[in-house]
Amino acid sequence: MAVDLQLLKPLCSGVAEFAEKDGLTVLHRFTPEERAVYTGHPDFGRKIYATSGVKLEFQTDAKRFWLKGSFVTGSSRSFAGVDITVNGILTEHFCCENIFDDPEVSLDVKLDGRLNTVAVYFPCVSGLMLKDFAVEDFTRLTPPHPRRQMICYGDSITQGYDTRYPSLNYSHQLAAMLDMQLINKAVAGEIFNPGLTAVAAPGKPDLLTIAYGTNDWKLRTPAETLAAAEQFLKNLFCCYPETPALVILPIWRKDLNEAAPGGDFEVFRNDLRRVAEKFPQVRIVDGWPLVPHIAEFFSDGFLHPNDTGFAVMGKNLLEAIRQIRF
């Protein structure tokens, strides 16, 4: 059965474009212009199809809804997770450890028939294309109340490496805490890329977050990074001149004392701070205290937070924002 887009679209957030491919509905978080930035890139070209930040949310008195679809690659990871919350409480979680062996997903969710707020969080590190979505036995089905909009730019950590519970991604946590609608523009492995913000879609978002730097430190010199960061921000604020922004400096990484083109990691972070502070729209969040400096909070032991790491990161990020009185 084809997805009823008339039903689906008002309930979706984090989607820039809906498209059809091989009988499936694709939920793009990047516009065609943004996707063109990555055309021909063998790695980033697949990561833009991850559904990080995509969410279905609705109020209903239904007794049941179901969702069917297929996972597609959206990262270097093979797993995929889907979370379902009812009235803000995580009630169901589906995880596939290898989407290449078992790409199909079918969720059949029972509700109590009372008025509930339901949210379905799509995978962060894979894509989920829909075959069917339906709600059964209801008298009320409404989208969430209008929310302010937040756009998050970043690398693998913002995309969601490596949470199996997408609702724990720090960007989702921040959006929930601030009661905002999330659009996630993060791509794992990305650096400050002025080409992406040069094609930013017109609009009036209420908040921007920018979290790059850790890959820049590993891949290029400070001079190269700082020039790219400044141009990235110039392009962004040319499009969104009135939108406040949080620039999140790189979090701790275990290999920070190893030799890298970026030089001393702390000096590198402070240089990024100085570039960002040139822009009056920016407030700085220091990433250093956001995740404990303990390998067990990272899926790979040194760089990418696991579910526990993300849970702590979201809590600490909110506290950091309160402290800077943003």
* Quickly, which of L256, I191, I251, D155 forms a side-chain contact (heavy atoms from CB on, under 4.5 Å) with T214? Name it, please. =>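 That would be D155; it is the only one of L256, I191, I251, D155 passing the side-chain contact (heavy atoms from CB on, under 4.5 Å) with T214.
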* Is a side-chain donor or acceptor of D255 paired with a backbone partner of E258 at a separation under 3.5 angstrom? ->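 No; judged by distance alone, with no hydrogens or angles, the pair does not exist.
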* **Check: G14 main-chain N/O paired with Q181 side-chain donor or acceptor under 3.5 Å** =>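 Answer holds: no.
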* To do: Decide side chain to side chain contact (heavy atoms under 4.5 Å, CB included) for L317 and Q173; before the verdict, give the C-alpha distance in whole Å, the side-chain angles of both, and the deciding distance to 0.1 Å.
  => CA-CA 9 Å; L317 180 58; Q173 291 191 66; over 6 Å; no
Please examine the side chains of [Y] and [X], heavy atoms only from C-beta on, and report whether any two atoms are closer than 4.5 Å.
X	Y	value
V109	V120	no
Y38	L196	yes
Y121	N169	no

* Candidate pair F298 and K254, rule side chain to side chain contact (heavy atoms under 4.5 Å, CB included), full reasoning -> CA-CA 10 Å; F298 296 82; K254 191 175 181 181; over 6 Å; no
* Asked: Is there any salt bridge (Lys or Arg N to Asp or Glu O under 4.0 Å) pair reaching into residues 79-98, and which pairs are they, with sequence neighbours excluded?
  ->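 Residue pairs with at least one partner in residues 79-98: E97-R164.
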* To do: Hey, could you give me each pair passing side chain to side chain donor-acceptor pair (under 3.5 Å) that has a residue in residues 236-249? Not counting sequence neighbours.
  =>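 For residues 236-249, and leaving out neighbouring residues, there are no side chain to side chain donor-acceptor pair (under 3.5 Å) pairs at all.
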* **Partners meeting ring pair (Phe, Tyr, Trp, His ring centres under 6.0 Å) with F79 (sequence neighbours left out)** =>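 Partners of F79 under the ring pair (Phe, Tyr, Trp, His ring centres under 6.0 Å) test: none.
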* Asked: Looking at residues at least two apart in the chain, or sitting in another chain, which of them share a side chain to side chain donor-acceptor pair (under 3.5 Å) with N193?
  ->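 For N193 the side chain to side chain donor-acceptor pair (under 3.5 Å) partners, ignoring immediate neighbours, are E190.
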* Asked: Taking atom types as modelled, is there a side-chain donor on Y161 or S76 under 3.5 Å from an acceptor on the other?
  ->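 Looking only at side-chain atoms, S76 and Y161 do form a donor-acceptor pair, the distance falling under 3.5 Å.
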* Residues two or more places apart in sequence or in another chain: which of them pass side chain to side chain contact (heavy atoms under 4.5 Å, CB included) with R269? ->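 Residues passing side chain to side chain contact (heavy atoms under 4.5 Å, CB included) with R269: L249, P250, F265, E266, D286, W288.
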When the side chains of residues 134-144 are checked against the rest of the protein, which donor-acceptor pairs come out under 3.5 Å, sequence neighbours left out?
unit_1: E136; atom_1: OE1; unit_2: R64; atom_2: NH1; d: 3.4
unit_1: E136; atom_1: OE2; unit_2: R64; atom_2: NH1; d: 3.0
unit_1: T139; atom_1: OG1; unit_2: D61; atom_2: OD2; d: 2.2
unit_1: R140; atom_1: NH2; unit_2: Q59; atom_2: OE1; d: 3.3

* Asked: Does OH in Y165 sit with more than 12 non-hydrogen atoms of other residues, nucleotides or ligands closer than 6.0 Å?
  ->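 Open.
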